[in-house]
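What follows is a set of notes on a single structure, which appears directly below.
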Amino acid sequence: MTTKLVVGLDGHPTGERALAHARRLAELIGDSELIVAYIVEWSPFSFQTAEENELRHKRREEEIDTAMERVVNPAVHLIQEAGLKAHGLVRHGDVSDALIAISNEKGADQIIVARTSEGGFAKRFFGSSTSNLVMSSTVPVTVVS
């Protein structure tokens, strides 16, 4: 049975450490799959006009494309070059909620994230998001320093 590991990336060196840890785990486990995830914080609660909503949707699509190109695809390529199975995705939403949803949807056995960051997750991931993730996840969470 394939062990599935969700890896939350933020585009910074700490995310790279989380990816390296996940890669080591996958190599030790053997039959495994890494699900590389990048979460763009996005609140669905906003009151806007129809035109603003159209622009917002376009902006969301651009953010997904940018995150895939700059963060997710290079990470997936690195893992695949090592002979491991991996695929990536980008989601909008609350960081902890989105990672938990991904782990549930994909039937993941574990979530791996970085503890701190030079930006991005530093403000949102070390603190309430990490706490929420650890307390709410139905699978083990590894927080890499």
Side-chain angles (χ1 to χ4, degrees), residues 1-26 29 32-82 84-145:
M1 185 169 167
T2 301
T3 299
K4 296 182 180 182
L5 307 173
V6 172
V7 186
L9 296 185
D10 63 357
H12 293 92
T14 51
E16 292 172 14
R17 289 197 305 270
L19 185 66
H21 182 74
R23 177 181 167 178
R24 281 191 302 275
L25 281 178
I29 292 166
S32 59
E33 176 184 352
L34 275 67
I35 302 156
V36 179
Y38 184 94
I39 312 303
V40 178
E41 273 203 304
W42 191 276
S43 173
F45 306 107
S46 182
F47 301 100
Q48 297 177 327
T49 67
E51 292 89 16
E52 289 170 326
N53 282 335
E54 186 176 326
L55 289 173
R56 188 176 196 208
H57 177 72
K58 182 179 178 187
R59 199 168 51 240
R60 282 175 58 134
E61 295 304 315
E62 289 169 353
E63 288 173 341
I64 289 172
D65 291 344
T66 300
M68 285 298 292
E69 179 184 320
R70 294 183 185 172
V71 179
V72 176
N73 288 342
V76 168
H77 182 71
L78 183 69
I79 295 301
Q80 290 174 340
E81 278 187 334
L84 301 167
K85 290 184 274 185
H87 71 276
L89 53 87
V90 176
R91 293 270 175 90
H92 283 89
D94 175 77
V95 174
S96 60
D97 290 346
L99 289 173
I100 291 168
I102 292 166
S103 73
N104 290 334
E105 291 165 16
K106 303 295 184 180
D109 298 287
Q110 185 172 3
I111 300 171
I112 301 163
V113 294
R115 181 175 64 90
T116 60
S117 175
E118 296 171 2
F121 275 177
K123 296 175 187 163
R124 63 183 187 257
F125 204 77
F126 186 70
S128 63
S129 289
T130 300
S131 297
N132 289 339
L133 180 62
V134 171
M135 291 187 300
S136 302
S137 179
T138 57
V139 299
V141 175
T142 298
V143 182
V144 179
S145 318

Side chain to side chain contact (heavy atoms under 4.5 Å, CB included) test vs Ser103 passes for just one of Leu5, Ile35, Val139, namely Val139
Heavy-atom closest contact ([X] atom, [Y] atom, distance):
{"X": "Val90", "Y": "Ala67", "value": "CG2-CB, 3.8 Å"}
{"X": "Thr3", "Y": "Asp109", "value": "CA-OD2, 3.3 Å"}
{"X": "Asn104", "Y": "Thr138", "value": "OD1-OG1, 3.2 Å"}
{"X": "Leu9", "Y": "Gly15", "value": "CD2-O, 3.1 Å"}
{"X": "Ala18", "Y": "Ile112", "value": "O-CG2, 3.7 Å"}
{"X": "Val76", "Y": "Gly88", "value": "CG2-N, 3.6 Å"}

inquiry  = If we ignore hydrogens and angles and just use 3.5 Å, is the side chain of Lys4 paired with the main-chain N or O of Lys106 as donor and acceptor?
reply    = yes
Exercise. Can any side-chain N or O of Arg23 pair as donor or acceptor with the backbone N or O of Ile79 at less than 3.5 Å?
Worked result: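 Checked: no pair found.
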For Arg70, is the CZ atom crowded, meaning more than 12 foreign heavy atoms sit under 6.0 Å from it?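 Counting neighbours around CZ of Arg70, 12 or fewer heavy atoms of other residues, nucleotides or ligands fall under 6.0 Å, so no.
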Worksheet item: Should we say atom NE2 of His87 is surrounded by more than 12 heavy atoms from elsewhere, each under 6.0 Å from it?
Response: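 Counting other residues, nucleotides and ligands, NE2 of His87 exceeds 12 neighbours.
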Sequence neighbours excluded, the answer for side chain to side chain donor-acceptor pair (under 3.5 Å) partners of Glu69 is none
By side chain to side chain donor-acceptor pair (under 3.5 Å) - contacts of Glu62 (at least two apart):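 Side chain to side chain donor-acceptor pair (under 3.5 Å) list for Glu62, sorted by chain: empty.
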Euclidean distance, [Y] [atom2] relative to [X] [atom1], rounded to 0.5 Å:
{"X": "Glu16", "Y": "Asp10", "atom1": "CD", "atom2": "CG", "value": "9.0 Å"}
{"X": "His92", "Y": "Glu41", "atom1": "NE2", "atom2": "CD", "value": "11.0 Å"}
{"X": "Ser136", "Y": "Asp97", "atom1": "OG", "atom2": "CG", "value": "7.5 Å"}
{"X": "Leu34", "Y": "Leu19", "atom1": "CG", "atom2": "CG", "value": "7.0 Å"}
{"X": "Lys85", "Y": "Thr2", "atom1": "NZ", "atom2": "OG1", "value": "3.5 Å"}

Would a 4.5 Å heavy-atom cut-off, applied to side chains only, mark [X] and [Y] as touching?
{"X": "His21", "Y": "Arg17", "value": "no"}
{"X": "Val95", "Y": "Leu133", "value": "no"}
{"X": "Leu99", "Y": "Val141", "value": "no"}

**Message:** My understanding is that only residues two or more places apart in sequence, or in another chain, count here; which of them pass side-chain contact (heavy atoms from CB on, under 4.5 Å) with Asp65?
**Reply:**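 side-chain contact (heavy atoms from CB on, under 4.5 Å) list for Asp65, sorted by chain: empty.
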